[in-house]
Amino acid sequence: HFVILNWNSKVPELVNNLLIKGFKNNVLILSDKDKEFVTSQINSVLEKGKRKINLIVKEGNPLMSSTLEDISIEKASSIVVMSREDLFEGDDKNICNADLFSLKVVLALSDFNYKNNVNIVVETTDESAIEKIKNLSETLQNMKNKNIVPVSFNKKIGQLISQTVLTPDLSNVYSDLLSYEGVEFYSYGEDEVDDYLFSHSSAIPIKKYEKLFVVAEDEKCLPVKRQKLSIHEQKLTIKNYENKENCTVFVVGNNKKAEYILENLNLSASYRGAKLTIKNYAKYELEKLIDDIGHTDGIKNVIILSDDKVNRDSYDANVFVSLIALQTSFPERNKLNFITELLDSRNLNSVKDFNINNAIISNKIISLLLTQLALNAESIDFFDNLFIADSEDGGDVFDINVSRASDIIDFKDKLEFDSKAEFIHSFYHSFNKDCMPIGYIRNEERIYISSDQDEKKKFVIKEDDKIIYINY
């Protein structure tokens, strides 16, 4: 059974992810909340029409060994320790109460001998808590053989949002790739990227760690091999594209992710040769924000952060207040982009009424990452490096990018290929293996190209298409 310890606003999305994934075992939630509350909150986000999930809800204290015994914790297949949102800052400046409680839960879990090689994923609010849990894992004897994975998702989402601010199409691309519907990331085998690309026809290799990570529509695509790679590889003429137009990023509001957003935006301060200016505003400074936008030239990207310090019933209220003011002041959005962060996925349709196509539902993204790590803990390095902003440090960092085709490829005529495979290999080798294509956007529709690569069917890239690719 899949065990969730503690309750917060991300739990319903996490359960929904398991439902979409087709998880067949029991899902057990142990928290201090009563069964009626937990069940109603989960039912509010479960997708109607999907098959039911085997859900067990228990009210109790995860710090009590007897309570953990009662839920057969030793037989768990995966364990996720959620960060308590109802615990406020404490007197100790070195650790907040929520992280202290999670650390105590980890200590309680360490007393058990697990029948499975269980992944214990621990959500923390602060990076310093990760180090504390890692230090305990290395020093306490009964924690040394446990697979404990502490992760600060405020930092992860801050990194993701900073990338989306610079490339707005990424918000939808990330949602596609992290969800369990359509294409997603998988770890499979130990092939090198080039070897897998040459021999397999229904998945696209991305990055090799201990295992190879690929993009595919489902697990059945991963082992599909081709008998022979039969393509006429084209040499594309690559443009050294740099956006010389100034870009100003207006960050509106403040929450636990804001410091990481600003940190990563500063790392990207010379994004593709552009002069990037970053301005920060409190949620009540809308008049100053509107005035500054009106007097700013170049590209203007506005990211509105949702206040995570309010009650759940008030989630995203400040986002709507800001959108109303901005929409009234700027009915025409020439070189002006709005990106919104939402905490509650139920508010997405309302945001779209403002003609917002780039909304990041941070709680949903966090729950997706939690689910990915709980089911596949070895993906931690993959996601760590995926979300880090570009900097001069280099290292093992890679990212997803979206670029207009004619900005990066010289179009003498339309680009036409005999198959998806021919395009993928031509693009990858023309960019000297620095870029791997995984899809494209045409007329606002995102189309991924991992499946049926060898099908002999004309594949055309148009100048106005946006290519989705991995940049190494």
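The analysis underlying the following values was restricted to heavy atoms, covering all of them including side chains, and did not include hydrogens, waters or symmetry mates. Source: prediction; values computed, not measured.
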Q.
Walk me through whether T371 and F23 qualify under side chain to side chain contact (heavy atoms under 4.5 Å, CB included).
A. CA-CA 11 Å; T371 312; F23 190 77; over 6 Å; no
Q) Can you check whether I206's main-chain N or O pairs, donor with acceptor, with Y472's side chain at less than 3.5 Å? A) yes
Q) Do D344 and R346 meet the salt-bridge criterion of a basic N to acidic O distance under 4.0 Å? A) yes
Q) Is a side-chain donor-acceptor pair under 3.5 Å present for N376 with S187? A) yes
Q) So which heavy atom on S175 is nearest to which on I365, and how close? A) OG-CD1, 4.0 Å
Q.
Treating S362 as the side-chain partner and L342 as the backbone partner, does any N or O pair qualify as donor plus acceptor under 3.5 Å?
A. yes
Q: Say whether Q163 and Y174, considering side chains only, have a donor N or O and an acceptor N or O under 3.5 Å apart.
A: yes
Q. With side chains defined as the heavy atoms from C-beta onward, is the minimum distance between L68 and D111 less than 4.5 Å?
A. no
Q: Would you confirm whether the ring centroid of F185 sits within less than 6.0 angstrom of the ring centroid of F382?
A: yes
Q: Could you please spell out the steps behind the side chain to side chain contact (heavy atoms under 4.5 Å, CB included) verdict for L18 and I53?
A: CA-CA 8 Å; L18 293 170; I53 196 164; 3.9 Å; yes
Q: Answer with yes or no whether the side chains of D176 and Y448 bring together a donor and an acceptor at under 3.5 Å.
A: yes
Q) Are V11 and Q41 side-chain neighbours, meaning at least one heavy-atom pair lies under 4.5 Å? A) no
**Q.** OG-CG distance between S31 and L5, expressed to the nearest 0.5 angstrom
**A.** 9.5 Å
Q) What's the verdict on side chain to side chain donor-acceptor pair (under 3.5 Å) for S450 and E217, showing C-alpha distance, side-chain angles and the deciding distance? A) CA-CA 7 Å; S450 60; E217 288 189 355; 5.1 Å; no
Q. Do side-chain atoms of N363 reach the backbone of K10 as a donor and acceptor pair under 3.5 angstrom?
A. no
Q. Nearest heavy-atom pair of A325 and L286: which atoms, and what distance?
A. CB-CD1, 4.1 Å
Q. Does some side-chain heavy atom of D194 sit less than 4.5 Å from a side-chain heavy atom of E192?
A. no
Q | For L55 against I42, the heavy-atom pair lying closest together | A | CD2-CD1, 3.7 Å
Q: Check the surroundings of atom NZ in K279: do more than 12 heavy atoms from other residues, nucleotides or ligands lie under 6.0 Å from it?
A: yes
Q: Answer whether the closest heavy-atom distance between the side chains of N318 and Y284 falls below 4.5 Å.
A: no
Q: May I ask you to test the I303-F338 pair for a side-chain heavy-atom distance under 4.5 Å?
A: no
Q: Drop me the distance from D308's CG to L343's CG, to the nearest 0.5 angstrom.
A: 6.0 Å
Q | Cationic N near anionic O, under 4.0 Å, E190 to K208 | A | no
(Q) Before you tell me yes or no, could you show the steps for R333 and N355 under side chain to side chain contact (heavy atoms under 4.5 Å, CB included), namely the whole-Å CA-CA distance, both residues' side-chain angles and the distance that decides it to 0.1 Å? (A) CA-CA 11 Å; R333 300 183 196 170; N355 196 25; 4.3 Å; yes
Q) Can you find a heavy atom in the side chain of N135 that is under 4.5 Å from one in the side chain of I133? A) no
Q: Please check if the side chain of S77 supplies one atom and the backbone of H1 the other of a donor-acceptor pair under 3.5 Å.
A: yes
(Q) Between E85 and S9, is there a side-chain donor-acceptor contact under 3.5 Å, judged purely by atom types and distance? (A) yes
Q: Evaluate the side-chain proximity of K283 to N254: yes if any heavy-atom separation is below 4.5 Å, no if none is.
A: no
Q | Heavy-atom donor-acceptor pair, Q372 side chain to L178 backbone, under 3.5 Å | A | yes
Q) Under a 4.0 Å N-O cut-off, is there an ion pair linking E259 with K155? A) no
Q: Answer yes or no: is there a donor N or O on one side and an acceptor on the other, between the side chain of K156 and the main chain of S152, under 3.5 Å?
A: no
Q: Would you check if the distance from the ring center of Y469 to the ring center of Y440 is below 6.0 Å?
A: no
Q. Which heavy atom in Y196 sits nearest to a heavy atom in L222, and how many Å separate them?
A. OH-O, 2.7 Å
Q. Is there a donor-acceptor contact under 3.5 Å from the side chain of N264 to the main chain of Y260?
A. yes
Q: Test side chain to side chain contact (heavy atoms under 4.5 Å, CB included) on F250 and D292 and set out the steps.
A: CA-CA 9 Å; F250 302 86; D292 287 352; 4.2 Å; yes
Q: Check for a donor-acceptor pair, side chain of S40 on one end and backbone N or O of F37 on the other, with a separation under 3.5 Å.
A: yes
Q: Apply salt bridge (charged side-chain N to carboxylate O under 4.0 Å, His left out) to the pair D169 and R446, showing each step before the final yes or no.
A: CA-CA 10 Å; D169 287 304; R446 297 177 302 283; over 6 Å; no
Q.
If we count only N and O atoms by modelled type, under 3.5 Å, do the side chains of E13 and S345 hold a donor and an acceptor together?
A. yes
Q | Closest non-hydrogen atom pair between F101 and N6, with its separation | A | CE2-OD1, 3.3 Å
Q) Hey, does S379 have a side-chain heavy atom less than 4.5 Å from the side chain of Y186? A) no
Q) If you look at every heavy atom in V351 and A359, which pair is closest and at what distance? A) CG1-CB, 4.5 Å
Q. Between K220 and D218, is there a salt bridge with N-O shorter than 4.0 Å?
A. no
Q) When rounded to the nearest 0.5 angstrom, what is the spacing between OH in Y209 and CG in D384? A) 8.5 Å
Q) Would a distance-only check, ignoring hydrogens and angles, find a side-chain to backbone donor-acceptor pair under 3.5 Å from E74 to Y114? A) no
Q.
Could you measure the distance from the CG atom of D99 to the OG1 atom of T124? Nearest 0.5 Å is fine.
A. 5.0 Å
Q) Does R84 pair with D32 as a salt bridge, N-O distance under 4.0 Å? A) yes
Q | Criterion side chain to side chain donor-acceptor pair (under 3.5 Å) on E127 and N154, from CA distance to verdict | A | CA-CA 9 Å; E127 283 290 295; N154 286 328; over 6 Å; no
Q) Could you walk me through whether D316 and S306 pass the side chain to side chain donor-acceptor pair (under 3.5 Å) check? A) CA-CA 5 Å; D316 307 327; S306 187; 2.7 Å; yes
Q: Check for a donor-acceptor pair, side chain of S367 on one end and backbone N or O of K364 on the other, with a separation under 3.5 Å.
A: yes
Q: Supply the atom-to-atom distance I360 CD1 to K257 NZ, rounded to the nearest 0.5 angstrom.
A: 10.0 Å
Q: Supply the atom-to-atom distance F213 CZ to K211 NZ, rounded to the nearest 0.5 angstrom.
A: 8.5 Å
